[in-house]
Amino acid sequence: MLTKTIPKTNKGVKGFLYEMQKNWVYYLMAFPALLVVFLVNYLPYPGMIIAFQDFHFVRGIWGSDFVGLANFQFFFQSIFFFRTTFNTLWINLSTIFFVTLTSVIIAIVLNEIRKKMAVRFYQNAIFFPHFLSAVVIGHLLIHVLFPTQSGVVNGILRTFGFEPVSWLLTPEPWLAFVVITNVWRGMGFTSIVYLATISGIDEEMFEAADLDGAGRLQRIWFITLPMLIPAICMMVLLSIGTVLFGDFGLLRSIIDGPPNNPMLLPRLDIIETFVFRAIRETVDFGTAAAIGLYQSIVGFIMVIAANWIAKRFDQNYGLF
């Protein structure tokens with residue numbers, strides 16, 4: 001009796017060489033992107049030592065004085081630590097939740113539309129904000145939608161008999177405005193990922209559900225949503241890693257002008273804007289590096305924890 005034997009490869013160097021020889025074309029295609037990732041994300045790793053130094057340009061990285069955790073203490077003991085961390089977490093976690101919710105709804109609705117031209121039109125219209133500059137959107141908010149006494153929103157309020165609001169002097173609603181803006185910008189890209197996942201679902205599952213008498217809502221609830229859960233977990237886990245990194249371009253364009261809006265700092269001051277002000281006013285790169293390292297470590301821990309929690313529900317929900 002003849003049996004087909006599968007060649008076994010050794011681990012280590014031989015296994016790596018075998019893999020490179022077998023799939024060298026794919027690795028060659030990926031090489032430019034891998035090179036960029038190495039240069040941007042891995043090559044600067046030795047520069048993290050700045051976070052533990054009183055860094056000076058003249059002395060350089062290897063000549064600056066070592067100060068231990070002093071740079072971290074400066075930020076953690078600052079009166080801005082709680083405010084910037086809270087605002088960053090609130091904006092990002094709210095954005096992740098509402099982007100996920102709206103993207104899933106949009107993907108399901110687009111999948112139910114049978115006219116391809118209509119799907120393309122709605123898809124492009126929803127995806128378009130993703131390409132807009134954060135700075136442009138920030139200036140649209142403070143100059144077109146929410147100026148002090150004029151603007152589109154105040155015009156609508158006057159139409160319905162309400163008094164105009166000095167939005168730039170009213171910081172309370174701006175967290176919600178930024179979250180809504182982030183959702184508007186991000187739901188298009190994420191919905192495309194979910195729509196691609198829905199398109200990959202086996203049609204026989206829907207046909208079997210039709211034969212069993214399932215309606216449209218039942219097919220969505222018992223087939224589409226369960227099949228979307230792995231993709232949702234993947235997108236959420238990828239987003240959690242940057243939960244302490246805010247949209248600096250958008251928020252700085254709102255806060256710093258023109259016109260300058262210091263009244264909005266209590267609600268819109270995030271870690272990035274604090275670091276920018278610290279560098280601009282004190283040229284303290286050590287503290288900036290310490291804060292960046294703190295953000296990365298917290299993001300790494302949150303990804304590990306979230307991935308562990310996801311795999312507790314199902315092994316297929318985790319990224320690794």
Side-chain angles (χ1 to χ4, degrees), residues 80 82-110 113 118-192 239 245-274 276-277 280:
F80 301 105
F82 177 77
R83 185 178 78 179
T84 56
T85 303
F86 174 81
N87 290 341
T88 306
L89 288 174
W90 180 272
I91 292 173
N92 288 336
L93 292 177
S94 301
T95 298
I96 292 172
F97 175 79
F98 287 109
V99 165
T100 302
L101 180 63
T102 54
S103 299
V104 169
I105 294 173
I106 290 171
I108 293 174
V109 171
L110 290 177
I113 299 175
V119 173
R120 291 177 182 175
F121 172 78
Y122 293 132
Q123 201 171 12
N124 291 330
I126 296 170
F127 192 59
F128 174 73
H130 180 74
F131 296 100
L132 294 178
S133 168
V135 177
V136 172
I137 294 176
H139 284 284
L140 286 175
L141 287 174
I142 62 176
H143 292 295
V144 178
L145 292 178
F146 302 105
T148 302
Q149 291 295 328
S150 58
V152 175
V153 176
N154 278 331
I156 296 174
L157 292 177
R158 289 191 182 93
T159 301
F160 289 95
F162 296 98
E163 292 294 325
V165 179
S166 299
W167 297 108
L168 299 182
L169 302 177
T170 309
E172 287 75 15
W174 277 93
L175 274 177
F177 294 162
V178 171
V179 171
I180 293 172
T181 302
N182 288 338
V183 173
W184 174 66
R185 294 176 60 203
M187 64 183 181
F189 174 80
T190 313
S191 64
I192 291 178
S239 301
F245 293 86
D247 193 335
F248 170 76
L250 174 65
L251 294 175
R252 182 174 180 268
S253 62
I254 295 174
I255 296 172
D256 291 342
N260 191 270
N261 306 311
M263 291 292 294
L264 303 183
L265 275 177
R267 288 293 184 270
L268 299 185
D269 192 20
I270 61 172
I271 296 176
E272 268 81 3
T273 55
F274 170 78
F276 175 78
R277 290 199 312 275
R280 184 176 61 182

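In this text the structure is predicted, and so the values were computed from the model without any measurement. Numbering starts at 1 and runs along the sequence shown.
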Mind checking the OG1-CG spacing from Thr84 to Leu268? Nearest 0.5 Å is all I need.
13.0 Å
To the nearest 0.5 Å, how far apart are CD1 in Ile106 and CD1 in Ile126?
4.5 Å
Under the ring pair (Phe, Tyr, Trp, His ring centres under 6.0 Å) rule, collect the residues that match up with Phe248, sequence neighbours excluded.
Phe276
Would you name the heavy atoms of Asn92 and Phe245 that are closest together and state the gap between them?
ND2-O, 3.4 Å
Any side-chain heavy-atom pair from Leu141 and Ile254 closer than 4.5 angstrom?
yes
For the atom pair CG (Leu132) and CG (Leu140), what is the distance rounded to the nearest 0.5 Å?
8.0 Å
Please, which pairs that meet salt bridge (Lys or Arg N to Asp or Glu O under 4.0 Å) have at least one residue in residues 173-185, sequence neighbours excluded?
Arg185-Asp247
Verdict with supporting geometry, Thr170 and Val165, side chain to side chain contact (heavy atoms under 4.5 Å, CB included):
CA-CA 8 Å; Thr170 309; Val165 179; 4.0 Å; yes
Just to verify, what does Asp269 make a side-chain hydrogen bond (donor to acceptor under 3.5 Å, both in side chains) with, not counting sequence neighbours?
Arg83, Thr273, Arg277
Under the ring pair (Phe, Tyr, Trp, His ring centres under 6.0 Å) test, which residues partner Phe131, sequence neighbours left out?
Phe127
Closest non-hydrogen atoms of Ser103 and Val99, given as atom of the first, atom of the second and distance, are OG-O, 2.5 Å
Looking at residues at least two apart in the chain, or sitting in another chain, which of them share a salt bridge (charged side-chain N to carboxylate O under 4.0 Å, His left out) with Arg267?
none
Taking every non-hydrogen atom, the tightest pair across Gly138 and Ser253
CA-OG, 3.3 Å
Glu172 CD to Leu264 CG distance, which is reported to the nearest 0.5 Å
10.0 Å
Looking at residues at least two apart in the chain, or sitting in another chain, which of them share a ring pair (Phe, Tyr, Trp, His ring centres under 6.0 Å) with Trp167?
Phe146, Phe177
Could you pull out the closest heavy-atom pair between Ala118 and Ile113, with the gap in Å?
CB-CG2, 4.1 Å
Compare all side-chain heavy atoms of Ile137 with those of Trp184 and state whether any distance is below 4.5 angstrom.
yes
If we only count heavy atoms from C-beta on, is the Ile156 to Phe160 side-chain gap below 4.5 Å?
yes
Please confirm whether the backbone N or O of Leu168 pairs with a side-chain atom of Ser166, one donor and one acceptor, at under 3.5 Å?
no
Of all the heavy-atom pairs spanning Ser150 and Pro147, show the shortest one and how long it is.
O-CD, 3.5 Å
Inter-residue atom distance Thr95.OG1 - Trp90.CH2, 0.5 Å rounding
11.0 Å
Can you tell me if Arg120 has over 12 outside heavy atoms packed within less than 6.0 Å of its CZ?
no
Could you state the interatomic distance from CD1 (Ile108) to OG (Ser191), rounded to the nearest 0.5 Å?
11.5 Å
Could you point out which residue of Thr85, Val178, Asn87 forms a side-chain contact (heavy atoms from CB on, under 4.5 Å) with Ile270?
Asn87
Residue pair Leu251 / Glu272, side-chain heavy-atom distance below 4.5 Å:
no
Check: Glu163 and Leu157 side chains under 4.5 Å, non-hydrogen atoms
no
